[in-house]
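None of the values given here were measured: they were computed from a predicted structure.
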Amino acid sequence: MASAIPTAMERPHFIGIGGAGMSGIAKILAQRGAEVAGSDAKESATAEALRALGATVHIGHAAGHLADDATCVVVSSAIRADNPELTRAAELSVPVVHRSDALASLMGGLRAIAVAGTHGKTTTTSMLAVALTELGLDPTYAIGGDLEGPGTNARHGEGDIFVAEADESDRSFQKYDPEVAIVLNVELDHHANYASMDEIYDSFETFVGKVRPGGTLVISADQPGAVELTQRVRDLSSLNVVTYGESGTADVRVHKVTPRGLTSEVTVVLNGKFLTFTVSVPGRHYAHNAVAALAAGVALGIPAHNLASALGKYTGVKRRLQLKGEAKGVQVIDSYAHHPTEMTADLEAMRGAAADARLLVVFQPHLFSRTQELGKEMGQALALADLSVVLDIYPAREDPVPGVTSELIIDAARAAGATVTAVHDKETVPDVVAGMAAPGDLVLTMGAGDVTDLGPAILARLSN
C-alpha cells in the first residue's frame with residue numbers, strides 16, 4: 001500500500017484548486033490527512049466540497065494566500081508565470097510541483113490504471129471507478145469530471161487500485177508508470193502543445209513505454225491513430241497488448257450495440273465467449289468506452305462477468321450527455337464535447353435516442369487554437385443536428401487569435417447543409433432556444449466552457 005501522504009505534500013497549496021484535475025488531487029490529499037490549502041478564481045460547488053473536507057480555499061489570487069509553512073505549491077500548465085502566489089513561492093523557496101507529479105506521487109505503491117487518448121477519458125475512468133467500487137474493491141480515483149452518483153471527481157480508497165485520467169494535452173501523462181494503460185485513440189489535438197502527428201505519436205510511445213514490466217496496454221482496434229500506435233509499440237517485450245473494438249482482429253470484440261433509449265445493451269466476445277451487459281448512457285462511442293474499461297479490469301485479474309455486471313451500475317458523469325431536465329415536453333441535455341470527433345459521437349448518440357424528434361444544439365467553441373485548426377470539422381459535425389445555435393469562442397487560457405472567430409464554424413456548418421443561428425450574447429440563448437423548440441424536441445448544450453450554465457436557464461425559459 002502507498003504511504004498516506006507523499007513526502008513534502010503534508011501542507012500543499014494549490015493554485016487553481018477548483019479545476020477538475022487539481023481539485024481531485026486536493027481531495028485525495030485531504031482525505032489522506034494533509035493540510036490542504038489553495039486558491040481559485042471564483043466560488044464554486046467544488047470549493048465548498050473541498051472546504052467540507054477541511055481544506056482552506058481562498059477566492060482570487062494574492063501573494064498573502066500562500067502560507068509561510070506551505071511544503072509545496074501545486075500548479076497546472078494553465079497557471080501563468082506571473083501569478084502572485086507563484087511569485088511568492090519563489091520568494092519563500094517553496095518547491096513548485098506540477099499537477100502530474102503530484103498525481104504520480106499519489107499512485108505510488110498502488111496498482112494504477114491510467115486512461116489516456118481521445119475521446120472519452122473521463123467516461124472510461126468513471127466507469128472503472130464505479131464498477132470497482134461496486135465490486136467492493138474500494139479504489140482510489142481521480143477523474144476529470146464529477147460522477148453523477150457520488151457527485152465527486154476523486155476519492156481516497158483503502159484498496160490497492162488507483163484509477164486515474166491521464167492527460168496527454170501537455171505531455172504530463174508521461175509521468176505515470178501504470179500497471180494498465182488505456183489508449184482510446186490518438187488524434188491531432190491540443191494544437192498549442194503539439195505541432196504534428198509525429199510529435200503526438202512520440203508522446204504516446206513514451207507514455208506506453210512507462211507501463212510497468214509485465215503490464216498491459218488496452219487500446220482500440222478500430223481507430224486509425226490507435227492502430228498506428230499499436231504497431232509502433234508491439235515490439236516492447238515487457239508489454240501485453242489487448243485490443244478492443246468491432247474489428248475482427250480485436251482481442252475483445254464488440255459484437256453488437258443495441259440502443260435502448262438513453263441506454264445501450266452491449267455484447268462482446270471475450271476469450272471465445274459472448275458476454276452481454278448494459279451501459280446507462282446512449283451511443284456506440286460510450287459502449288466502446290465501457291468495453292475498454294472491461295478489458296482493463298480483466299487485465300488486473302477481475303472476473304469479466306462480475307465486472308460487466310458492475311459496469312451496468314454506472315449512471316454517467318456530469319456534462320457527458322447529462323440530462324438536465326424537461327420542460328413543456330422538451331428535454332435538455334448537456335455535453336462536454338468540444339472536438340469534432342466527440343461532437344460527432346454525441347450527436348450521433350442523441351440522434352439515435354431522439355428517434356423521430358428534432359435535435360437542437362447550442363454549441364460553444366473552446367479555444368482559439370482548436371477553432372483555427374478544426375473549425376471546419378466542427379461545422380461539419382453540426383450538420384447532424386436539425387438546428388444549431390453557435391456562440392462566440394470560449395477562450396479559457398488563450399488570448400484571441402486575429403481572424404479566428406465562430407464564423408469559421410458557422411460557414412462550414414452552412415456549407416454542409418446545417419441551419420445555424422449565430423448568437424453573440426450568451427444571455428439571450430434561452431429566449432432564442434425557446435423560440436425554436438417544440439414539444440418532443442431534444443436540446444443539447446455542447447462545449448467545454450460555460451455553455452453548461454445555459455441548461456437550467458433554457459429549462460426555466462421553456463417553463464415560462
Give a yes or no on whether the backbone of [Y] and the side-chain of [X] come within a donor-acceptor separation of less than 3.5 Å.
X	Y	answer
Glu348	Ala345	no
Ser203	Glu199	no
Asn240	Gly214	yes
Glu398	Phe368	yes
Thr445	Gly455	no
Thr263	Pro259	no
Thr216	Val180	no
Ser105	Ala102	yes
Arg171	Ile200	no
Arg351	Leu384	yes

When you look at Leu311 and Val279, which way does the side-chain contact (heavy atoms from CB on, under 4.5 Å) test go after all the steps? CA-CA 7 Å; Leu311 283 166; Val279 179; over 6 Å; no

Evaluate whether atom NZ of Lys426 has more than 12 neighbouring non-hydrogen atoms of other residues, nucleotides or ligands under 6.0 angstrom away.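 Result for NZ/Lys426: enclosed.
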
Does the salt bridge (charged side-chain N to carboxylate O under 4.0 Å, His left out) test come out yes or no for Asp167 and Lys121, once each step is laid out? CA-CA 9 Å; Asp167 184 13; Lys121 288 187 290 294; 5.4 Å; no

Taking [X] first and then [Y], would you say they form a salt bridge - that is, a charged N and a carboxylate O separated by under 4.0 Å?
X	Y	value
Glu179	Arg111	yes
Arg284	Asp222	no
Arg358	Asp441	yes
Asp411	Lys376	no
Glu265	Lys256	no

[atom1] of [X] to [atom2] of [Y]: how many Å apart, nearest 0.5 Å?
X	Y	atom1	atom2	answer
Asp160	Glu158	CG	CD	11.5 Å
Asn185	His288	CG	NE2	12.0 Å
Tyr244	Ile182	OH	CD1	7.5 Å
Arg234	Leu217	CZ	CG	9.0 Å
Asp346	Met350	CG	CE	8.5 Å
Leu294	Leu270	CG	CG	6.0 Å

Could you check whether any side-chain heavy atom of [X] comes within less than 4.5 Å of a side-chain heavy atom of [Y], counting everything from C-beta outward?
X	Y	answer
Tyr141	Thr152	yes
Leu236	Val233	yes
Lys27	Leu50	yes
Val268	Phe274	no
Met9	Val74	yes
Val183	Val218	no
Ile302	Leu132	yes
Ser369	Val401	no

With side-chain contact (heavy atoms from CB on, under 4.5 Å) as the test, would you mind laying out the steps for Ile161 and Thr140 before giving the verdict? CA-CA 6 Å; Ile161 299 175; Thr140 298; over 6 Å; no

Which heavy-atom pair separates [X] from [Y] by the least distance, and what is that distance?
X	Y	answer
Ala295	Val252	CB-CG2, 4.1 Å
Ile143	Ala129	CD1-CB, 4.0 Å
Ile219	Ala226	CD1-O, 3.3 Å
Val227	Ala221	CG2-O, 3.5 Å
Asn153	Ala20	ND2-O, 2.8 Å
Asp251	Val241	OD2-O, 3.6 Å

Give a yes-or-no answer on whether the side chains of Glu377 and His339 include a donor-acceptor pair shorter than 3.5 Å. no

Can you say whether the rings of Phe173 and Phe204 are parallel (under 30°), tilted (30 to 60°) or perpendicular (over 60°)? perpendicular

Working for side-chain hydrogen bond (donor to acceptor under 3.5 Å, both in side chains), residues His156 and Gln31: CA-CA 6 Å; His156 167 66; Gln31 289 166 357; 5.8 Å; no

Can you check side-chain contact (heavy atoms from CB on, under 4.5 Å) on His285 and His119, steps first, answer last? CA-CA 9 Å; His285 180 76; His119 302 275; 4.1 Å; yes

Can you list the steps and then say if Ser100 with Ser172 is a side-chain hydrogen bond (donor to acceptor under 3.5 Å, both in side chains)? CA-CA 6 Å; Ser100 57; Ser172 61; 4.5 Å; no

Can Asp138 and Arg155 be said to form a salt bridge (charged side-chain N to carboxylate O under 4.0 Å, His left out), step by step? CA-CA 9 Å; Asp138 200 15; Arg155 178 180 177 276; 2.6 Å; yes

For residues His338 and Tyr336, establish whether the separation of their ring centroids is below 6.0 Å. yes

Taking the six-membered ring where the residue is Trp, are the ring centres of Phe207 and Tyr176 under 6.0 Å apart? no

Between His98 and Ser77, is a side-chain hydrogen bond (donor to acceptor under 3.5 Å, both in side chains) present by the stated rule, with each step listed? CA-CA 8 Å; His98 190 273; Ser77 299; 3.0 Å; yes

Intermediate values then yes/no, salt bridge (charged side-chain N to carboxylate O under 4.0 Å, His left out), Glu205 and Arg232: CA-CA 8 Å; Glu205 285 185 63; Arg232 291 177 177 230; 3.1 Å; yes

Could you walk me through whether Val451 and Tyr394 pass the side-chain contact (heavy atoms from CB on, under 4.5 Å) test, one step at a time? CA-CA 9 Å; Val451 67; Tyr394 185 81; over 6 Å; no

